[in-house]
Amino acid sequence: MEILVPSETSTESFDVVLIGAGIMSATLGTMINQLEPTWSIGLFENLDKAGQESSSPWNNAGTGHSALCELNYTAAKADGSVDPAKAIGINEQFQLSRQFYSWAVENKRVADNSFINALPHMSFVIGDDHSKYLQTRYEALKPNALFEELEITNDLDTINEWTPLVAKGRDASQKVAASRVVSGTDVDFGRLTSELTDSLGAAGASVNFGHKVQGIKRSGAGWELTVKDKASGALKNVKAKFVFVGAGGGALPLLQKAGIDEIKGFGGFPVSGQFLRCTDENIINQHHAKVYGQASVGAPPMSVPHLDTRFVDGKRSLMFGPYAGFSMNFLKSTGQLDLPLSLRPHNIIPMLAVGKDNLDLTTYLIKEVLKSRAKKDESLAEYFPEADGSKWELITAGQRVQVIKKDAKKGGVLQFGTEVITSSDGSISGLLGASPGASTATPIMIGLLSRCFPKQFAGWETKLKDMVPSYGQKLNENPALYAEVKAATDKTLGL
């Protein structure tokens with residue numbers, strides 16, 4: 001076995017360093033390169049390709065989260081009513097991402113528009129109570145411009161026209177309901193990430209795969225990173241004026257190493273998952289939709305079941321899941337010590353409090369981990385009654401590290417969503433959390449730019465509006481502008 005001997009440490013300097021080659025870093029890097037073309041950018045990724053962890057289409061829901069079908073964004077209140085505000089907000093955010101995608105296609109930042117496909121988004125529920133809820137949700141969302149295309153039915157024949165796999169073989173006496181928006185999308189975030197990263201390199205950024213960031217510390221007004229070239233074993237000292245930690249589940253330990261006060265009290269709760277992936281092309285070709293159902297009691301939002309058409313590198317596929325599980329690693333490519341090594345005196349109390357207050361989640365995860373393959377097939381049959389389990393293979397999905405944060409009243413709370421952590425001087429920022437994640441990368445990164453570069457931001461707004469024309473406006477409150485923006489992005493993206 002060859003023994004690698006580290007060579008003499010070299011030093012590199014950049015205006016901006018991006019840690020991790022996922023959709024967040026690819027989006028931020030592309031924006032900064034457009035806003036400040038003279039700024040030097042260095043990107044360091046532990047793996048040998050871009051978009052291989054949470055941005056991978058096999059690890060990511062790929063829905064193009066716009067709250068068209070995801071019922072967890074419109075949970076019923078105690079009185080049965082539905083507040084559309086969160087769904088509207090998420091849809092607004094995805095509209096910004098769509099505009100950024102359109103700009104990327106027009107400006108050759110990606111090869112073409114094949115990373116995104118038109119695909120109906122559906123919600124499907126079973127039983128009287130859930131059917132009543134879906135009707136209430138429909139009535140809350142339908143009057144809004146962003147949801148004007150929403151349809152609803154409780155007729156099994158109509159559901160059969162929309163999505164035959166869900167309807168065929170179903171007991172006609174069973175009460176069911178479905179809603180649909182035809183103009184939904186499927187996004188191959190792995191492909192999009194890879195192409196944006198390639199174009200970033202072509203524009204002059206230093207893109208380094210197989211490079212692991214081992215340390216990060218203050219250096220004057222900026223930062224100094226210790227980076228290991230995994231192939232040669234050589235170490236680099238990398239200096240940066242600004243650092244973005246877009247390392248998915250790996251962001252928490254890196255921000256802890258940076259020692260910023262703002263990370264204190266934060267912890268992470270990793271949730272793993274599995275999907276069933278269909279192996280029969282005939283079945284795959286009978287389904288053309290993303291069909292989302294209701295989450296089980298105690299289940300995290302990322303575990304909402306869905307029978308899901310998706311396109312990976314141009315090839316159509318069909319998946320069902322996810323089946324949640326528990327693993328202590330924060331990334332698929334890291335190890336079981338991630339969770340215990342993330343414990344700090346400042347986050348132990350929040351993490352213990354979350355454990356105490358989320359016993360239903362713990363119970364749910366235990367049941368999911370113990371669920372047999374036969375039980376997994378039974379869950380599939382709830383959405384695809386004629387499913388043959390032998391024509392589906394079990395695959396492992398990506399890791400999601402849910403945010404745990406300190407709370408004055410409860411000690412700690414478990415947060416499902418994303419959290420941007422930024423140092424007080426704005427010189428380092430990182431993203432924690434999961435869904436809706438990739439789909440809202442554009443507005444998240446615009447918000448980060450505003451927070452970290454307050455002096456430059458006002459001067460960037462013209463270029464930002466070139467990338468995202470509706471920036472600063474609410475499309476739901478301006479139907480004419482929404483129609484204009486949607487028509488333009490539909491044309492460019494081939495939707």
Side-chain angles (χ1 to χ4, degrees), residues 27 31 34 62-71 73-74 82-107 109-110 112-123 134-135 137-153 158 162 178-187 189 192 288-290 292 309 311 436 438-447 461-495:
T27 300
M31 287 182 170
Q34 179 69 10
T63 302
H65 281 270
S66 43
L68 300 175
C69 60
E70 305 94 326
L71 301 179
Y73 297 141
T74 48
V82 170
D83 183 352
K86 185 172 183 179
I88 293 169
I90 289 172
N91 196 305
E92 289 273 13
Q93 291 180 72
F94 185 65
Q95 299 306 322
L96 299 183
S97 290
R98 272 180 56 124
Q99 292 169 63
F100 176 71
Y101 304 159
S102 182
W103 173 86
V105 171
E106 291 175 341
N107 288 272
R109 291 286 185 159
V110 292
D112 51 40
N113 59 20
S114 59
F115 63 88
I116 189 169
N117 287 274
L119 191 68
H121 283 199
M122 285 182 56
S123 304
L134 196 65
Q135 180 67 36
R137 176 183 182 271
Y138 168 81
E139 292 170 0
L141 291 174
K142 179 68 173 177
N144 294 281
L146 296 178
F147 293 89
E148 63 183 358
E149 298 178 37
L150 189 63
E151 307 172 76
I152 192 168
T153 185
T158 302
W162 290 359
S179 61
R180 177 179 76 158
V181 175
V182 174
S183 61
T185 56
D186 173 79
V187 183
F189 284 108
L192 174 60
H288 187 72
K290 291 182 178 293
Y292 274 58
T309 294
F311 296 86
S439 299
T440 56
T442 298
I444 289 173
M445 292 301 102
I446 292 175
E461 289 195 355
T462 299
K463 287 186 176 180
L464 278 172
K465 288 182 178 178
D466 288 340
M467 291 184 271
V468 185
S470 76
Y471 167 70
Q473 301 181 73
K474 297 291 187 183
L475 293 178
N476 196 57
E477 298 171 5
N478 193 335
L481 178 60
Y482 170 55
E484 179 184 336
V485 167
K486 186 175 185 302
T489 55
D490 280 351
K491 181 178 180 181
T492 303
L493 297 175
L495 302 175

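Sequential numbering from 1 along the given sequence is applied to the chain's residues. Treat the numbers as computed from the prediction; the structure is a model and nothing was measured.
In plain terms, the two heavy atoms of Ser97 and Ser439 that are nearest each other are OG-O, 2.7 Å. Scanning all heavy atoms of the two residues, the minimum distance from Leu495 to Asn117 falls at CD2-C, 3.7 Å. Of all heavy-atom pairs spanning Ala140 and Val82, the tightest one is CB-O, 3.6 Å. When all heavy atoms of Lys290 and Cys69 are compared, the closest pair comes out as O-SG, 4.5 Å. Pairing each heavy atom of Ala85 with each of Asp83, the nearest pair is N-OD1, 3.0 Å. For Thr309 against Leu119, the heavy-atom pair with the smallest separation is O-CD2, 3.3 Å.
Between Glu151 and Val181 the shortest side-chain heavy-atom distance does not fall below 4.5 Å. Residues Met31 and Phe100 form a side-chain contact, since some pair of their non-hydrogen atoms from C-beta on lies under 4.5 Å apart. Inter-residue side-chain proximity for Ser183 and Lys486 is flagged as met; some heavy-atom pair is nearer than 4.5 Å. Residues Tyr482 and Glu477 fail the side-chain proximity criterion, which asks for heavy atoms closer than 4.5 Å. Taking the side chain as every heavy atom from C-beta outward, Glu149 and Arg180 never approach each other to under 4.5 Å. Side-chain atoms of Lys491 and Ser102, non-hydrogen and from C-beta on, never get closer than 4.5 Å to each other. Proximity of Thr492 to Asn113: side-chain heavy atoms (C-beta onward) are nowhere separated by under 4.5 Å.
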Q: Might you work through the side chain to side chain contact (heavy atoms under 4.5 Å, CB included) test for His121 and Tyr292, ending with a clear yes or no?
A: CA-CA 8 Å; His121 283 199; Tyr292 274 58; over 6 Å; no

Q: Please assess Met122 against Trp162 for the test side chain to side chain contact (heavy atoms under 4.5 Å, CB included), listing each intermediate value before the final yes or no.
A: CA-CA 9 Å; Met122 285 182 56; Trp162 290 359; 3.9 Å; yes

Q.
Under the criterion side chain to side chain contact (heavy atoms under 4.5 Å, CB included), I'd like the reasoning laid out for Leu493 against Val105: C-alpha separation, chi angles, the key distance, then a yes or no.
A. CA-CA 8 Å; Leu493 297 175; Val105 171; 4.0 Å; yes

(Q) ring pair (Phe, Tyr, Trp, His ring centres under 6.0 Å) for Tyr138 and Phe147? Distances and angles first, verdict last. (A) CA-CA 9 Å; Tyr138 168 81; Phe147 293 89; over 10 Å; no

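For the atom pair CZ of Arg137 and OG1 of Thr74, the computed distance is 4.0 Å after rounding to the nearest 0.5 Å. Taking CG from Leu96 and OG1 from Thr489, the interatomic distance works out to 11.0 Å, rounded to the nearest 0.5 Å. The OH atom of Tyr101 sits 14.5 Å away from atom CE of Met467, with the distance rounded to the nearest 0.5 Å. Note: Leu141 CG to Leu150 CG = 6.0 Å, rounded to the nearest 0.5 Å. Considering CD1 of Ile90 and CD of Glu92, their distance stands at 11.5 Å, rounded to 0.5 Å. Rounding to the nearest 0.5 Å gives a distance of 7.5 Å between CG of Leu475 and CD of Gln473.
Among Gln99, Lys465, Glu484, the single residue meeting the side-chain hydrogen bond (donor to acceptor under 3.5 Å, both in side chains) criterion with Ser470 is Gln99. Partner Ser179 forms a side-chain contact (heavy atoms from CB on, under 4.5 Å) with one of Leu71, Leu134, Leu68 and no other, that one being Leu134. Of the candidates Thr185, Asp490, Thr442, Arg98 forms a side-chain hydrogen bond (donor to acceptor under 3.5 Å, both in side chains) with just one, namely Asp490.
Defined by atom type and a distance below 3.5 Å, a donor-acceptor pair is present between the side-chain atoms of Gln95 and Asn91.
Around atom NZ of Lys142, more than 12 heavy atoms belonging to other residues, nucleotides or ligands sit under 6.0 Å away.
Looking only at distances, no side-chain donor or acceptor of Asn144 sits under 3.5 Å from a matching main-chain atom of Leu146.
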